[in-house]
2 protein chains.
Amino acid sequence: MTVTARDRLLQAATEAFAEHGYGATTTRDIASRAQMSPAAVYVHHATKEELLFAISLAGHEDAMRVLSAASAESDEPIERIRAMVRAFSDWHARNSRIGRVVQYEFGALTPEHRAVIADLRRRMEQHLRDALVAGVDEGVLEVADVRGTARAVLSLSVDLVRWFEPSGAHTASELADLHADLAIRMVRAPSTPV
Amino acid sequence: MTVTARDRLLQAATEAFAEHGYGATTTRDIASRAQMSPAAVYVHHATKEELLFAISLAGHEDAMRVLSAASAESDEPIERIRAMVRAFSDWHARNSRIGRVVQYEFGALTPEHRAVIADLRRRMEQHLRDALVAGVDEGVLEVADVRGTARAVLSLSVDLVRWFEPSGAHTASELADLHADLAIRMVRAPSTPV
DNA sequence: GTCTATAAATTGATAGAC
DNA sequence: GTCTATCAATTTATAGAC
């Protein structure tokens, strides 16, 4: 895999956006991080917003891919949800800078781009809701408010991008395992054996 | 309570920072929202960052006050934690724009101001950790990782500022009750009666 | 404490050479 | 596809009148 100028540019923009936010990031800062001139940025993307959209779309698609793969690991609701939360937290921890752009810069997208991303988000949330409903139907989960609980479970995974540091108290794996455990405790029917 | 120009300014800046982020907000935008000239902003605060610090400090102190008050409601660990999570989620839902500035613009502060805010945050987290440890000692809670679980419980309350809308599917009260319930399920010892 | 006017620097994006 | 140079607009912040 050759690292192209376009790759360097996306990497540089991701770091800059994650560090200062989209609006506060200058194209000169991006260019400097990617070791190119300010003008070279515009060879690859017409506007700064198009750069953001490319990063946000790829990030959302990768997160969705990871969530779907985890969902397919098991047919049993508890193990399925455990795998989904573990994978989602793990992804956000290992890709915390992309995650920050993905989660915090949604409002900076154009209305057209925002609609594309909103659809991806809806599908991710629906994926988790489906798993919760299946578990309730099988009687192994007890979830009074599926919509709110799905949001809460996702909050657990997503919010870590706000503070996670690889050098911190937990590795990505440790945090993912902890979150998976906590999520299961949030939704498991009391009668279910551990 | 008279609404002073300074109040209008803080209110305007909070809304602008929450909507576009600190870096992307212009002093002209703030002035226009507060119905004053661009120059009038500088009568009340020397720099844009001082405005941010004033908002962030007041927000953190108010959240801390709410958390402490809730903690004092009960001596029993489960009810204490239920009250703390309910109050913290409720505050973030009812003050979601202040919450967004408080949570997302930490990095935009000067190192000196950042240190002040970091200390307040440490104390809030410690407050919740103390309640968890007390519950474990009394045998009503089962928490393998106090530090990680405290963070996770706070994530539940904090992350809602990213998406909460008063016109949405849940009111602030409903969401706060749900989060309090979910948090208790995360930490309660299985043997404890509901 | 408010305004108008403006300084001084920085911004996103483009022109044109190589 | 990269660069240097630059435009036109916008930025934070200030000067000075009222």
Side-chain angles (χ1 to χ4, degrees), chain A residues 1-58 101 104-114, chain B residues 1-58 101 104-114:
Chain A
M1 296 282 279
T2 321
V3 176
T4 64
R6 189 165 191 282
D7 292 336
R8 286 206 326 275
L9 187 60
L10 287 172
Q11 173 78 16
T14 299
E15 282 169 15
F17 291 161
E19 199 171 318
H20 304 119
Y22 171 78
T25 299
T26 66
T27 52
R28 276 169 177 77
D29 181 15
I30 297 169
S32 156
R33 287 176 195 249
Q35 293 176 287
M36 51 180 77
S37 73
V41 171
Y42 292 92
V43 173
H44 301 281
H45 298 88
T47 64
K48 194 172 81 159
E49 193 275 341
E50 267 194 26
L51 236 179
L52 171 64
F53 178 59
I55 292 166
S56 185
L57 182 62
V101 178
Y104 298 156
E105 304 301 346
F106 178 71
L109 295 165
T110 63
E112 292 75 20
H113 289 160
R114 205 150 50 210
Chain B
M1 295 284 277
T2 321
V3 177
T4 65
R6 190 166 190 281
D7 292 336
R8 288 207 324 276
L9 186 62
L10 287 171
Q11 173 79 16
T14 299
E15 282 169 15
F17 292 162
E19 199 171 316
H20 305 118
Y22 170 78
T25 298
T26 65
T27 52
R28 274 169 177 75
D29 182 14
I30 296 169
S32 156
R33 286 178 195 247
Q35 292 177 288
M36 52 179 76
S37 73
V41 171
Y42 293 92
V43 173
H44 301 279
H45 297 88
T47 63
K48 193 172 82 160
E49 192 274 340
E50 267 195 24
L51 238 179
L52 171 64
F53 178 59
I55 293 166
S56 186
L57 182 62
V101 178
Y104 298 156
E105 303 301 347
F106 178 71
L109 296 165
T110 62
E112 290 77 19
H113 289 161
R114 205 152 49 213

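Chain identifiers are assigned alphabetically (A, B, ...) following the order of the sequence lines, protein sequences preceding nucleic acid strands; residue numbering begins at 1 within each chain.
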Nearest listed nucleotide, side chain of B:T26, among C:dA13, D:dT4, D:dT11:
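Minimum distance to the B:T26 side chain belongs to D:dT11.
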Closest listed nucleotide, where the reference is the side chain of A:A39 and the choices are C:dA13, C:dA15, D:dA13:
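Nearest to the side chain of A:A39 among the choices is C:dA15.
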What integer distance in Å separates [X]:[atom1] from [N]:[atom2]?
| X | N | atom1 | atom2 | result |
| --- | --- | --- | --- | --- |
| B:D7 | C:dG1 | CG | C1' | 15 Å |
| A:H44 | C:dG12 | NE2 | P | 17 Å |
| A:Y42 | C:dG16 | OH | P | 18 Å |
| A:D29 | C:dA9 | CG | P | 20 Å |
| B:M36 | C:dG1 | CE | P | 11 Å |
| A:R28 | D:dT11 | CZ | P | 15 Å |
| A:I30 | C:dG12 | CD1 | C1' | 11 Å |
| A:K48 | C:dT11 | NZ | C1' | 9 Å |

Measure across B:V101 and B:A18 and return the closest heavy-atom pair with its distance rounded to 0.1 Å.
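The answer is CG2-N, 3.8 Å.
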Non-hydrogen atoms of B:M36 and B:A5 that approach each other most closely
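Heavy-atom minimum between the residues: CE-O, 3.7 Å.
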Considering every strand and a 4.0 Å limit on heavy-atom distances, what is the contact class for [X]: base, sugar-phosphate, or nothing?
| X | result |
| --- | --- |
| B:A40 | sugar-phosphate |
| B:T25 | sugar-phosphate |
| A:S37 | base |

Is there a side-chain hydrogen bond (donor to acceptor under 3.5 Å, both in side chains) between B:S32 and B:D29? Walk through the geometry before answering.
CA-CA 5 Å; B:S32 156; B:D29 182 14; 5.2 Å; no
Which comes earlier along DNA chain C counting from the 5' end, the contact point of A:A24 or that of A:A46, where each point is its nearest nucleotide?
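Counting from the 5' end, the first nearest nucleotide belongs to A:A24.
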Does some side-chain heavy atom of A:H45 sit less than 4.5 Å from a side-chain heavy atom of A:T27?
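Heavy-atom side-chain distance check fails, nothing below 4.5 Å.
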Steps toward side chain to side chain contact (heavy atoms under 4.5 Å, CB included) verdict (A:K48, A:F17):
CA-CA 11 Å; A:K48 194 172 81 159; A:F17 291 161; 4.3 Å; yes
